[in-house]
Structures are given as C-alpha cells and as structure tokens.
Protein chains: 2
Amino acid sequence: MRVTLGDVARRAGVSLATASRALNGSDRNVGDVLAARVRASAKELGYLPYAPAQALARASTATLGVLLHDVADPYFGVITRGASEAAAEAGLLTMVVSTFADPDLELRNIRMLHAQRARAIVLAASGYVDEEATRRLDEALGAYRAEGGRVVALTDHGPSYDSVRPANRRGAADLTRALLGLGHRRFAVVPGPERLRVSLDRLLGVREALDEAGVALGPEAVEFAEFSHEGGRAATARLLERSRPTALIALSDVGAVGALAELRGRGLDVPGDISVVGFDDIPCAAQLAPALTTVRVPLERMGAEAVRLALEPRPRTAPGGIEDATDGLSAGPDTRSPRVVDLPTETVLRASTAPPPGAF
Amino acid sequence: MRVTLGDVARRAGVSLATASRALNGSDRNVGDVLAARVRASAKELGYLPYAPAQALARASTATLGVLLHDVADPYFGVITRGASEAAAEAGLLTMVVSTFADPDLELRNIRMLHAQRARAIVLAASGYVDEEATRRLDEALGAYRAEGGRVVALTDHGPSYDSVRPANRRGAADLTRALLGLGHRRFAVVPGPERLRVSLDRLLGVREALDEAGVALGPEAVEFAEFSHEGGRAATARLLERSRPTALIALSDVGAVGALAELRGRGLDVPGDISVVGFDDIPCAAQLAPALTTVRVPLERMGAEAVRLALEPRPRTAPGGIEDATDGLSAGPDTRSPRVVDLPTETVLRASTAPPPGAF
DNA sequence: AAGGGATGGGAAAGCGCTTTCCCCGCATTA
DNA sequence: TAATGCGGGGAAAGCGCTTTCCCATCCCTT
C-alpha cells in the first residue's frame with residue numbers, strides 16, 4: 001500500500017526500529033528529539049499503521065469477535081453495544097457475526113474468527129441442546145483457545161468457559177411467583193426454541209415456581225417458538241386453541257410482543273382478560289401499550305462484563321504448578337479454572353399484568 | 001501460532017507454494033493427487049489460515065467496516081443485518097463501530113478501519129451539517145480511498161461517494177400529504193438532531209408538502225431532538241407547552257415512540273386528540289398501540305445494496321483514458337463517477353393517525 | 001582514570017502467507 | 001527426431017511491521 005513505516009523513518013532520518021518504537025510504543029525509550037521528528041514525519045505523510053502486518057509481527061490482533069443470532073434483534077443489539085463499547089475502550093475493533101441460531105453457521109463463523117485471530121470471542125448466541133452440535137462447537141472453540149484465544153459465554157455453554165450468566169432460571173421463577181401472587185392459577189408458556197438451552201433454562205424456572213405453588217403445567221400449556229414476533233404470535237394462537245389461561249408467560253420480549261398482537265387480534269383485553277409477561281426488558285418493552293411486565297436482564301452490562309473478562313490478564317500455570325506471567329507469544333491453553341460472573345435479574349411490573357378476571 | 005501452512009506442506013510432502021495453491025486457490029492448478037494430500041493433511045492438523053498473514057501477502061483483507069451511531073438502535077441494527085449478511089455471502093467479516101453521532105469518534109473509527117485495511121466502509125452514520133467536521137471526515141475517507149478502499153454512504157455525504165439513498169425528503173413529503181389529506185392543518189414537527197443532515201432533509205420534505213398546501217409551519221412548531229426515546233419525549237413536551245397541534249410528525253420512529261409516551265402521560269388520546277407519525281418503520285413500529293403510521297425505509301435492503309455496491313468490481317481509468325482491469329494490488333484511487341442507488345420509501349398508514357378532532 | 005551499568009540507536013531476522021520466477025518433463029507439432 | 005509449448009512443481013523473494021541482538025555513548029562508581 002501507500003505510506004509505510006519505512007517512509008516515515010526515512011523522512012525522519014531514523015531507522016525502522018526507532019520509528020516503530022516511537023510511534024507504536026514499546027518497552028524501549030526513544031530520545032525526545034528523534035521521537036518528535038518521527039511523529040512529525042508520520043503526521044506529514046499521513047501514516048497509518050498497517051494492522052495486518054502489526055498483527056503478524058506481534059502475533060496478536062486488535063479485534064474482538066461477537067457471535068450472536070441476529071444483530072437486528074434488540075436483545076443482541078444491546079449486548080453488542082455493551083461489548084463493543086468496552087472493546088473500543090481497550091482499543092479493539094468489534095467483529096459481529098450472525099448465526100441465525102444455526103449451529104453449522106456458528107461453526108463456520110467461529111472458524112472465521114479463529115482465522116482472523118480475534119483476541120477473544122464473546123458467545124452471545126445461546127448454547128444448543130443438541131449434543132453433537134455442541135461437541136463440534138466445543139472442538140472448534142477448543143482449537144481456538146489452544147492457540148491463546150479467549151472465549152466468554154453469555155449463556156450456558158458448559159463449565160469450561162468463562163461465563164457471564166444472567167439469572168435466567170431464577171428470574172423466570174420470580175416472574176412466575178409475581179403472577180401467582182396476583183392470583184393466577186391457569187398458565188400458558190411460550191418459551192424460546194426447544195433447541196436452545198436458554199429456553200429450557202427459563203422454562204425450568206417457571207416450573208419451579210409453579211411446583212412450589214402446587215400449580216400444574218400440562219404439556220398442552222407449553223408451546224415452543226422462535227425468538228421472534230411471528231414465533232410468539234403463532235405459538236399464542238396455537239395455545240389459545242386448546243386452553244384458556246389467565247396468564248401468558250412469553251420467555252422473551254420479542255415473543256411477548258407477538259403474543260400481544262395475537263391477543264389484540266382476537267379482541268382479548270390485556271390485562272383485563274389475560275395477563276402477559278415477557279423476558280429480557282428490551283428497550284421497547286416499556287413503550288408498548290400496555291407496557292410489558294418483564295424480567296430485566298442487564299444486557300448492556302453483560303456485553304461489557306464479557307469483554308472485561310475476556311481481556312483480563314490471564315495467569316498461566318507452569319508445569320511445576322507455579323503461576324507464571326508468560327506473555328501471549330508463547331501462549332498455551334488457559335489453565336485457570338473458568339471465571340463466572342453471575343448477574344442478577346429483576347422483575348419489572350408494568351401494565352400488562354393484573355389479577356385474573358373474576359378475582360376479587 | 002500453532003499449525004502453519006508449512007506444517008501442512010511438510011506433512012503432505014509438498015512445497016509451501018503447492019500447499020498454498022491447493023488450499024487457498026489461485027490461478028494455478030495443483031495436480032489432483034497432491035491437492036488431495038494437502039487437503040487431508042490440513043484437515044488432520046486442524047489447519048486454519050492465518051488471516052493477517054494472508055492479508056499482508058495479498059495486500060487485501062476479508063473484512064468490511066460498518067460505521068453507525070449505535071448498534072442497539074433498531075434502525076442501525078436492521079441495516080447492519082442486511083450489510084453483514086451480504087458481506088458474509090462474499091466471505092467477508094463485518095466490523096461494526098459506533099460513533100454515537102460524534103464526529104471526532106467517527107474520525108477515529110474511520111482511521112481504525114483504514115488501519116485494518118477493511119475492504120470497504122459502509123457509512124450508515126449520517127452526514128453532519130458542520131462543515132469543518134465534514135471536511136475532516138472527507139479527508140480521512142479520501143486517504144482511505146486513495147489506497148484502494150471503497151466507501152459507500154447510506155445518507156447524504158456529498159456527491160463524491162457511492163451512495164444508497166432512501167427517499168428521505170420525498171418520503172417526508174408524502175407522509176405529510178397523507179396527514180393533510182386527513183384534514184390536518186395544525187402541525188408540530190420533531191426532526192432529529194439539528195447537526196445531522198438527515199434531519200434537515202426530512203424536515204425539508206415536510207415543509208415542501210406544507211408549502212404546497214399553503215399551511216404555515218412556524219419555528220414554534222419545530223423542536224429538534226436526538227434520535228432517541230427520551231429525545232422524542234422531551235421535544236414533544238416542549239412543543240405542547242407552546243402549541244396545540246392536531247398532528248405530530250416525528251421524523252424517526254424511536255422519537256415517535258417517545259412522543260407517544262409523553263402524550264399518553266398527559267392523558268391525550270392518539271389518534272383521537274392528536275395524530276402521531278414516525279419515520280423508518282423499525283420492526284416494533286407496527287406493534288405499538290396504537291400501531292404507528294410511518295414511512296417504510298428499506299433498511300435491510302439498504303445495507304445489502306451498500307455492500308453490493310462496495311464490492312462491485314471497480315474499473316479504473318488509465319492515464320490514457322482507457323479502462324483497465326488492474327487488480328487491487330496496484331490500486332490507485334477510484335476514478336469512476338460515483339454510483340447512486342435510489343431506494344423508494346413508502347408511507348404506511350396505521351392506527352396512530354386519524355382525521356383531526358372535530359372533523360366531520 | 002579505568003571499569004561497568006544504563007541508555008538509546010540501528011541492522012537484520014523473522015511473523016505466515018502469496019506469488020513470481022525458474023525448471024523439468026511430457027505431449028504436441030513440424 | 002528435434003523444436004515448441006505447456007502444465008505443474010518448488011525455491012525464494014517479498015508484504016509491513018516488531019523485536020532481538022549488537023554497538024556506541026555517557027555517566028557513575030571505585
């Protein structure tokens with residue numbers, strides 16, 4: 001390409017080494033005079049370092065990978081904002097890849113990020129139930145980590161990864177208890193897709209609270225659905241064919257919005273005829289009418305926290321068992337036990353919930 | 001790092017050159033036997049190409065940059081989805097950087113993307129009114145283009161860039177005409193921030209339609225606001241202090257949502273007391289209650305189209321004036337006249353608009 | 001006044017890949 | 001049979017940077 005560090009050095013009358021040290025920092029000092037000359041020369045020539053070459057020489061890039069289902073989904077959008085802001089603070093660029101909940105695509109994307117040698121990968125896309133898919137992903141991630149890459153999971157990806165975990169199960173249980181507290185006894189649930197672990201996790205929380213209260217939740221009252229407007233809408237329609245719940249629990253806000261649409265279409269009043277709750281507290285949840293009762297998940301913080309974890313200096317255990325601070329170059333796999341950050345969720349009561357009809 | 005092409009080559013008993021050609025394609029052929037051996041060897045070793053090294057050797061990366069205000073804003077989220085999907089199809093990884101409508105940050109981010117030698121930059125963040133800021137951005141983009149980088153603007157960034165342009169002005173005019181058609185004569189407008197060109201562009205459309213109809217729009221009826229829920233809410237509050245419009249035109253959906261919240265807070269009925277319209281048709285616009293009348297902007301398509309434009313083979317004019325198809329290596333600045341793709345918008349009438357109160 | 005750290009500068013060896021250039025052997029043509 | 005391509009293989013020269021050495025000063029210390 002155009003202006004190289006060599007040009008800058010020549011113009012400043014110094015060696016390549018000095019120019020490099022002056023512009024891009026190093027443990028070695030450069031005399032003030034020369035340093036100033038180099039900087040001036042760089043500015044005059046409009047020099048910009050050539051990142052791929054730096055990456056090659058340093059054996060380390062300045063990029064972060066974020067793996068998610070869909071950037072346009074506000075859930076992931078907010079996470080990505082948190083992550084990329086934290087990344088920017090650390091001088092990293094964020095590469096966002098969408099998998100659309102397809103394990104094969106996810107695998108390919110992990111390989112791409114690995115090939116790019118992203119410093120770290122944030123797994124915002126949730127874990128799969130399918131064991132074979134999980135195994136293959138683990139394998140690819142393992143290879144990445146073996147070369148010094150860091151991985152942080154934002155959902156349950158097994159115990160071997162650093163994780164930032166919202167209290168999915170507990171949050172769902174609390175939410176359900178809130179509905180029980182209002183007097184509801186007939187529930188219907190729209191979890192996410194059955195193949196994702198989050199769905200099951202949250203559903204488990206719901207069951208937990210219902211069991212506690214001795215309320216039954218038959219299979220006819222559960223209808224899995226994609227995390228989408230249409231998914232939520234269709235699932236709600238199917239549920240209403242076979243039961244008459246007083247409370248509908250959608251385990252994602254986007255799904256809840258679809259549910260609201262379906263209910264409105266059927267002329268049902270929310271919360272007069274039926275209460276509806278969501279999960280995640282995406283930005284528009286509060287602005288719906290009725291405003292959606294939901295579980296606040298600290299999405300932005302999750303993204304930021306994940307990056308913090310990923311960039312945390314990583315002690316490595318030498319064969320002798322003593323921690324040593326080898327740099328990234330001689331990087332071996334990470335031998336620490338994984339860090340886990342548990343983030344609390346919070347039930348947010350809004351206008352979409354009320355006591356069941358006929359309650360006094 | 002770990003497994004290099006050299007390892008693969010050695011294991012397959014071939015030269016580095018052959019291994020490279022077999023795995024990563026080239027204009028030269030490799031015999032079937034050797035090619036198979038190389039592929040097998042790569043698979044067995046779990047080889048993944050080292051992208052920074054490839055970039056250095058090829059003088060070209062496999063990344064795309066998208067510059068936007070905020071990933072968590074659905075407007076940009078949807079654009080990004082379109083762009084990154086198109087990029088993925090072309091084998092590119094997408095780097096997303098947020099500028100939060102700050103020209104300085106934008107400048108820094110352009111430099112970073114330049115340093116990464118992203119193949120192309122999609123400017124989804126809108127142009128600034130400030131001339132000095134614009135000049136500096138142009139300068140940085142110019143340097144990037146001088147080295148062969150491609151730039152596509154999604155909003156008005158001046159005539160020198162390839163652009164994908166939604167019909168902002170026309171869309172706003174049509175929207176306004178729709179309100180006029182319903183009988184409205186007293187308007188209030190909440191454009192975006194005054195420093196962004198889109199805001200002015202759309203406002204111009206509104207004025208155009210009002211002028212046509214001979215309806216006045218005094219300065220007291222216009223209140224600029226950030227593209228955000230809170231911005232729209234606060235601006236609406238201020239507007240209502242000093243005027244009693246029958247129609248409120250928010251020139252972004254996120255702003256309109258804020259406006260709805262403020263109106264609801266004041267006990268005003270939409271559309272009974274006042275009609276509200278937005279702009280963009282972000283996914284949740286249709287799911288609000290009342291569903292928002294707005295202008296559909298083909299966001300996803302804009303992103304995809306931008307990438308298509310950016311990746312389009314680029315003829316270059318030789319000094320003699322004859323187009324030649326030199327490859328990217330000897331890249332000079334792009335001498336074609338910029339491509340412009342105009343995308344139509346469409347007014348979508350929903351429940352948030354009705355004839356003004358008292359109309360018969 | 002001589003020995004010995006610091007200190008700062010430069011030459012050059014890579015980092016992992018692509019691509020030119022050269023060469024060899026085979027098939028084709030005269 | 002000799003001349004001529006040509007297809008496919010390999011050696012090696014980079015791509016633009018960082019970093020290890022090595023070296024020359026300079027300033028302390030004894």
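So you know, we letter chains A, B, ... as the sequences are listed, proteins then strands, and number each from 1.
- When rounded to the nearest whole Å, the span between CZ of B:Arg10 and C1' of C:dG16 equals 13 Å.
- Residue B:Thr4 places none of its side-chain N or O atoms closer than 4.0 Å to OP1 or OP2 of C:dG16.
- The distance from atom NE2 of B:His114 to atom P of D:dG16 is 12 Å, rounded to the nearest whole Å.
- At a cut-off of 3.5 angstrom, counting only N and O atoms as typed in the model, there is a donor on one side and an acceptor on the other between the side-chain of B:Arg28 and the base of D:dG9.
- The main-chain N or O of A:Thr99 is never found under 3.5 Å from a side-chain atom of A:Asp102 such that the two would form a donor-acceptor pair.
- Looking at A:Tyr50, its side chain never comes within 3.5 Å of a backbone N or O of B:Leu56 through a donor-acceptor pair.
- Within the 4.0 Å cut-off from OP1 or OP2 of C:dT18, at least one side-chain nitrogen or oxygen of B:Asn24 is found.
- Residue B:Ser20 has a polar side-chain atom (N or O) positioned under 4.0 Å from OP1 or OP2 of C:dT18.
- Following rounding to the nearest Å, A:Asp32 (CG) and C:dT7 (P) show an atom-to-atom distance of 14 Å.
- Nucleotide C:dT19 holds its P atom 8 Å from the CG atom of B:Asp27, rounded to whole Å.
- The phosphate of C:dT18 (OP1 or OP2) has no side-chain N or O of B:Tyr50 nearer than 4.0 angstrom.
- Checked by distance alone, A:Arg21 brings no side-chain donor or acceptor within 3.5 Å of a matching partner on the base of C:dG8.
- Here D:dG14 presents its P atom at 14 Å from CG of B:Leu56, a figure rounded to the nearest Å.
- In this entry the distance linking CG of A:Leu5 with C1' of D:dT18 reads 9 Å, nearest Å.
- At least one donor-acceptor pair under 3.5 Å links the side chain of B:Ser84 to the backbone N or O of B:Thr80.
- Side-chain N or O atoms of A:Asp162 include none that pairs as donor or acceptor with a backbone N or O of A:Val152 at under 3.5 Å.
- Within the 4.0 Å cut-off from OP1 or OP2 of D:dG9, not a single side-chain nitrogen or oxygen of B:Thr18 is found.
- The distance between atom CD of B:Gln54 and atom C1' of C:dT18, rounded to the nearest whole Å, is 9 Å.
- Taking only side-chain nitrogens and oxygens, A:Asn29 comes nearer than 4.0 Å to OP1 or OP2 of C:dG8.
- Annotation: the terminal axes of the helix from C:dA1-D:dT30 to C:dA30-D:dT1 meet at 40°, where each axis is the rotation carrying the C1' atoms of four end pairs onto the next four (5 pairs per end, rounded to 10°).
- Proximity note for A:Ala17 (side chain, C-beta onward) versus D:dG16, D:dG10, C:dA11: the nearest is C:dA11.
- OP1 or OP2 of D:dT18 lies within a sub-4.0 Å distance of a side-chain N or O belonging to A:Arg58.
- The backbone N or O of B:Thr61 sits less than 3.5 Å from a side-chain atom of B:Arg119, completing a donor-acceptor pair.
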